Protein chains: 4
Amino acid sequence: MEIESDLLLAINPNSGVPIYRQVCEQITRMVASGQLKAGEALPSVRQIATQFAVNPMTISKAYSLLEADGVLARVRGVGMKVAQRNDLEQNLEERLLFITPAIETLVTQVEQLNIPQDEVLKAIKLRLEKGK
Amino acid sequence: MEIESDLLLAINPNSGVPIYRQVCEQITRMVASGQLKAGEALPSVRQIATQFAVNPMTISKAYSLLEADGVLARVRGVGMKVAQRNDLEQNLEERLLFITPAIETLVTQVEQLNIPQDEVLKAIKLRLEKGK
Amino acid sequence: MEIESDLLLAINPNSGVPIYRQVCEQITRMVASGQLKAGEALPSVRQIATQFAVNPMTISKAYSLLEADGVLARVRGVGMKVAQRNDLEQNLEERLLFITPAIETLVTQVEQLNIPQDEVLKAIKLRLEKGK
Amino acid sequence: MEIESDLLLAINPNSGVPIYRQVCEQITRMVASGQLKAGEALPSVRQIATQFAVNPMTISKAYSLLEADGVLARVRGVGMKVAQRNDLEQNLEERLLFITPAIETLVTQVEQLNIPQDEVLKAIKLRLEKGK
DNA sequence: GTGGTCTAGACCACC
DNA sequence: GTGGTCTAGACCACA
């Protein structure tokens, strides 16, 4: 069972964002979008820590926070799994709430830079297409 | 001459973002957008510090960083002014570069949440109109 | 592991040159000359501060500036290390650039004092030999 | 008598060196090298201040220091002139003493950068020739 | 353990 | 008046 999932997270230690936070946010989003389903098992702390050359305590902290948030559940002697009864319905409205802060940040900057709306939308559209 | 400029910055000490960084970013944007013109004088360290009930060193740190960045220039014994030769031309392309990181963040989240593009664009458009 | 590195910097609090600047310049030169190699760890802020009876913030300021300059890199929760991709290659040409300002200063003074070139070169040669 | 001397000083407000110090040092060197002769009159404070767009008080301070140093003498109602009995003989040894600090700075940097002596001398020689 | 941020208050140099 | 430097000590976030 060690082949679990090698390509789950994208951790960047130099992004300014704390590592534990990156883990939390990414797993939360994956659960919200259904990429991780209720009951599904997660890689062990040691596994992730090794994979990204990160301190195990950092991953452990992330898992603990996710458990406190009700996103994950701890199964003694086994590991972590996605919580069963989950507030994170795949409902679109809910998911849109997640990106509100990012939109706020963006809009603030746009206004202070005096960038026309069309240009902003054009740039975002372009970037979204590229990701496809 | 006391009416100099009362309405310049919007500092929020509880935003998680360091105060000196808020100052840096906002002034940088104001220079980039042309709200602050080359050669224009800035409020003194003590002025801003008093206005926002912040320690002068905090503002001073921001000014120093902005000088190191080439955004501001120091005039000894007089104060700070917007740097003359400025990379931050007001042209649109340059300004769009400033919001690239914010767009990246947004797009990453959108993809991990599996939100359809139209919904994202709709939400942003809505938010932009509101700000008007 | 306490024998880490005791003999690194030469700080003189009365030289007129700000302490943080002395630290910056010396570390920059050590990196440029290869005395400090890419990835190598640096003494902690508190370690240096204690060693030279200086306020930790002063050293911290130096480290921050060196990070902004791309000379050092921060490893969160661990400390500072020499940046990996470093403009400060050890090639001779690059290092010669570092002493250009000092040469400029010298030459200006020499010209204003009307000192013959041979005399200048002789004096410098003498001083260089002495240092050996 | 207003045509005195338009091209005397080279003041750079952004060099980091205080303006009054630049004035002091340059005039001192000119006296030492004989470019300014004993009894010779100097431009008025206002003249220099206007020429370089500098605060008159700054020039005044420089003149005062030079007077205290015995380099200049104040003639009431007339202005400043180069002091008559002057320690600054044009003797070569004396003049060489003036550049000792600049040489020290240079040598320190050279040693910390591990630059070979020949390269240093070559670079200086090159720069000296260029100035010719 | 690491570095980062902020404060309050001192002193300095420059203009 | 301006900004710069430093201190002593507090608290926080990260690993």
Side-chain angles (χ1 to χ4, degrees), chain A residues 11 13 16-23 49 52-62 65, chain B residues 1 11 13-23 41-49 52-64 66-67 72-81, chain C residues 1-2 11 13-23 41-49 52-64 66-67 72-81, chain D residues 13 16-23 49 52-62 65:
Chain A
I11 294 180
V17 182
I19 296 170
Y20 81 92
R21 233 164 181 301
Q22 294 183 40
V23 175
F52 295 101
V54 164
N55 192 317
M57 277 185 57
T58 306
I59 308 301
S60 179
K61 180 176 179 180
L65 288 173
Chain B
M1 291 294 188
I11 294 179
N14 305 317
S15 78
V17 182
I19 296 172
Y20 80 91
R21 202 164 251 296
Q22 295 182 41
V23 175
L42 280 97
S44 80
V45 166
R46 290 151 168 97
Q47 211 171 325
I48 300 186
F52 294 101
V54 165
N55 189 303
M57 256 199 83
T58 305
I59 307 300
S60 180
K61 182 175 180 178
Y63 273 10
S64 295
L66 286 168
E67 191 199 4
L72 301 184
R74 212 183 347 168
V75 188
R76 274 213 296 266
V78 175
M80 307 291 294
K81 63 176 182 54
Chain C
M1 292 296 188
E2 302 221 353
I11 294 178
N14 305 318
S15 78
V17 182
I19 296 173
Y20 80 90
R21 202 164 251 295
Q22 295 182 41
V23 175
L42 279 98
S44 80
V45 166
R46 291 153 169 96
Q47 210 172 324
I48 300 185
F52 294 100
V54 166
N55 189 304
M57 256 198 84
T58 305
I59 307 299
S60 180
K61 181 176 180 180
Y63 273 9
S64 295
L66 286 168
E67 191 198 4
L72 301 185
R74 213 183 346 167
V75 188
R76 273 212 296 266
V78 175
M80 307 292 291
K81 63 177 181 56
Chain D
V17 183
I19 295 171
Y20 80 92
R21 234 166 181 299
Q22 294 182 41
V23 175
F52 295 101
V54 163
N55 191 317
M57 276 186 58
T58 306
I59 308 300
S60 180
K61 179 177 178 179
L65 288 174

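All of these numbers come straight from a predicted model, not from anything done at the bench.
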Nucleic acid footprint by protein, nucleotides 6-12 of chain E - heavy-atom cut-off 4.0 Å, B for base, S for sugar-phosphate alone: BBB----
OG on B:Ser64 to CE on B:Met80, rounded to 0.5 Å: 7.0 Å
Pairwise 5' ranking along DNA chain E for C:Val75 and B:Val75, keeping only the more 5' one: C:Val75
Closest heavy-atom pair and its distance - B:Val45, B:Tyr63: CG2-CD2, 3.8 Å
Base-pair map of DNA chain F as dot-bracket, where | denotes pairing with a different strand and pairs are Watson-Crick or G-U under 3.5 Å: ||||||||||||||.
A:Asn55 versus A:Ala49, closest heavy-atom pair with distance: C-CB, 4.4 Å
Minimum heavy-atom distance between B:Tyr20 and B:Thr58, given as atom pair plus value: CB-O, 3.6 Å
Phosphate OP1/OP2 of F:dG3 contacted by B:Arg74 side-chain N/O (<4.0 Å): no
Non-hydrogen atoms of B:Gln22 and B:Ser15 that approach each other most closely: NE2-OG, 3.1 Å
Nearest listed nucleotide, side chain of B:Tyr63, among F:dG3, E:dT2, E:dC14: F:dG3
Rounded distance [0.5 Å steps], CD1 in B:Ile59 versus CG in B:Leu42: 11.5 Å
Phosphate-side-chain proximity, B:Ser60 and F:dG3, N/O vs OP1/OP2 below 4.0 Å: no
Between P of F:dT2 and CD of B:Glu67, the distance in whole Å: 17 Å
Considering all heavy atoms, the nearest A:Ile19-C:Arg76 contact: N-NH2, 3.3 Å
Atom-to-atom span, CZ of C:Arg76 to C1' of E:dG1 - whole angstrom: 16 Å
B:Leu42 CG - F:dG3 C1' separation (whole Å): 13 Å
d(CE, B:Met80; P, E:dC15) in whole Å: 15 Å
Atom-to-atom span, CG of C:Leu72 to P of E:dG4 - whole angstrom: 10 Å
Nucleotide F:dG3, atom C1' - distance to NZ of B:Lys81 in whole Å: 15 Å
d(CG, B:Asn14; C1', F:dC12) in whole Å: 14 Å
Flag side-chain contact, heavy atom, 4.5 Å: C:Ile48 against C:Val54: no
First encountered from the 5' end of DNA chain E, between C:Gly77 and D:Pro13: C:Gly77
Nucleotide E:dT5, atom C1' - distance to CD1 of B:Ile11 in whole Å: 14 Å
